[in-house]
Amino acid sequence: DQQVKQNSPSLSVQEGRISILNCDYTNSMFDYFLWYKKYPAEGPTFLISISSIKDKNEDGRFTVFLNKSAKHLSLHIVPSQPGDSAVYFCAASMSGTASKLTFGTGTRLQVTL
Amino acid sequence: GAVVSQHPSRVICKSGTSVKIECRSLDFQATTMFWYRQFPKQSLMLMATSNEGSKATYEQGVEKDKFLINHASLTLSTLTVTSAHPEDSSFYICSARPRTPRALHFGNGTRLTVT
């Protein structure tokens with residue numbers, strides 16, 4: 001049972017444009033959501049997170065939006081840069097689980113020149 | 001930022017042998033560390049939660065006698081793959097969390113190949 005889903009396995013965006021990566025979840029107990037970036041043969045790198053008490057969190061070029069009623073979150077990257085090309089995972093956790101994360105399946109972002 | 005170091009980054013071993021992977025939190029103490037496994041083109045799957053000073057908590061379907069976890073100190077957890085088989089070949093990643101923020105930091109992973 002995949003509780004966190006990223007339905008787009010890949011995304012290609014032109015440099016300078018906006019990249020939008022989507023994530024859906026099914027477990028309403030999740031109350032904290034994170035986005036990670038991963039290069040091949042490396043561990044994931046934390047990008048940005050959002051608590052369920054918020055609907056938006058912004059950090060530089062990265063913004064995460066949370067729609068609790070739809071159980072949907074998205075990561076916006078603007079402007080996209082070639083160095084952003086990587087696999088992006090969304091992850092979710094719930095209070096009281098010591099940060100145990102459930103990961104989505106990942107979306108490979110390619111930023112083209 | 002918080003740093004998690006994982007060693008070795010790559011290991012090749014023969015079937016039937018055991019392999020130990022170390023995970024260290026370099027600039028913070030971690031009472032809890034997590035071990036994940038990633039198969040090619042798949043998501044990261046949590047294997048177990050490593051608790052300092054007590055037994056690890058394993059996810060359903062993960063054999064605790066095969067994947068031995070020892071959280072000897074607040075900065076070190078080890079995963080030992082015992083009697084390795086080719087199907088154990090995978091990418092193993094550890095993670096830990098400082099007190100704040102509420103975000104896991106990951107090691108760079110260990111690519112295990114069992115021949």
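Protein chains get the first letters and strands the later ones, always in sequence-line order, with residue 1 at the start of each.
- There is a path of hydrophobic side-chain contacts, each under 4.5 Å, that joins B/Val114 to B/Val11.
- Centroid-to-centroid, the aromatic rings of B/Phe106 and A/Phe46 stay 6.0 Å apart or farther.
- Hydrophobic clustering of Ile, Leu, Val, Met, Phe, Trp and Tyr side chains at less than 4.5 Å, counting indirect connections, unites A/Met94 with A/Ile50.
- In the hydrophobic clustering of ILVMFWY residues, with side-chain heavy atoms under 4.5 Å counting as a link, B/Trp35 and B/Val4 come out apart.
- Between the side chain of A/Thr105 and the backbone N or O of B/Ser43, no donor-acceptor pair lies under 3.5 Å.
- Annotation: A/Lys68, atom NZ; neighbour count of heavy atoms from other residues, nucleotides and ligands within 6.0 Å is above 12.
- Residue-environment remark: NZ (B/Lys64) stays at or below the threshold of 12 foreign heavy atoms within 6.0 Å.
- Rounded to the nearest 0.5 Å, atoms OH (A/Tyr36) and NE2 (B/His105) are 6.5 Å apart.
- Counting only heavy atoms from C-beta outward, the side chains of A/Phe103 and B/Gln42 never approach each other to under 4.5 Å.
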Which atom pairs, one a donor and one an acceptor, fall under 3.5 Å between side chains of residues 10-24 of chain A and the rest of the protein, sequence neighbours left out?
unit_1  : atom_1 : unit_2  : atom_2 : d
A/Ser19 : OG     : A/Ser80 : OG     : 2.6
A/Asn22 : OD1    : A/His72 : NE2    : 3.2
A/Asp24 : OD1    : A/His72 : ND1    : 2.8

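- Looking at every heavy atom in both residues, A/Leu34 comes nearest to B/Leu104 through CD2-N, 4.5 Å.
- When the side chains of ILVMFWY residues are joined at heavy-atom separations under 4.5 Å, either directly or via intervening members, B/Tyr92 and B/Tyr58 end up in a single hydrophobic cluster.
- Contacts of B/Arg10 classified as salt bridge (charged side-chain N to carboxylate O under 4.0 Å, His left out), with partners at least two apart in sequence or in another chain: none.
- The distance from atom CD1 of B/Ile93 to atom NZ of A/Lys38, rounded to the nearest 0.5 Å, is 5.0 Å.
- Contact of B/Gln6 with chain A is not made at all, since no heavy-atom distance falls under 4.5 Å.
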Step by step, work out the side-chain contact (heavy atoms from CB on, under 4.5 Å) result for A/Leu101 and B/Phe34.
-> CA-CA 9 Å; A/Leu101 293 181; B/Phe34 300 88; over 6 Å; no
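- Between chain B and the options A/Pro44, A/Gly106, A/Ala91, heavy-atom pairs under 4.5 Å are most frequent for A/Pro44.
- Atom CG of residue B/Leu44 and atom OG1 of residue A/Thr102 lie 11.5 Å apart, to the nearest 0.5 angstrom.
- Remark: A/Glu42 CD to B/Ser9 OG distance equals 10.5 Å, nearest 0.5 Å.
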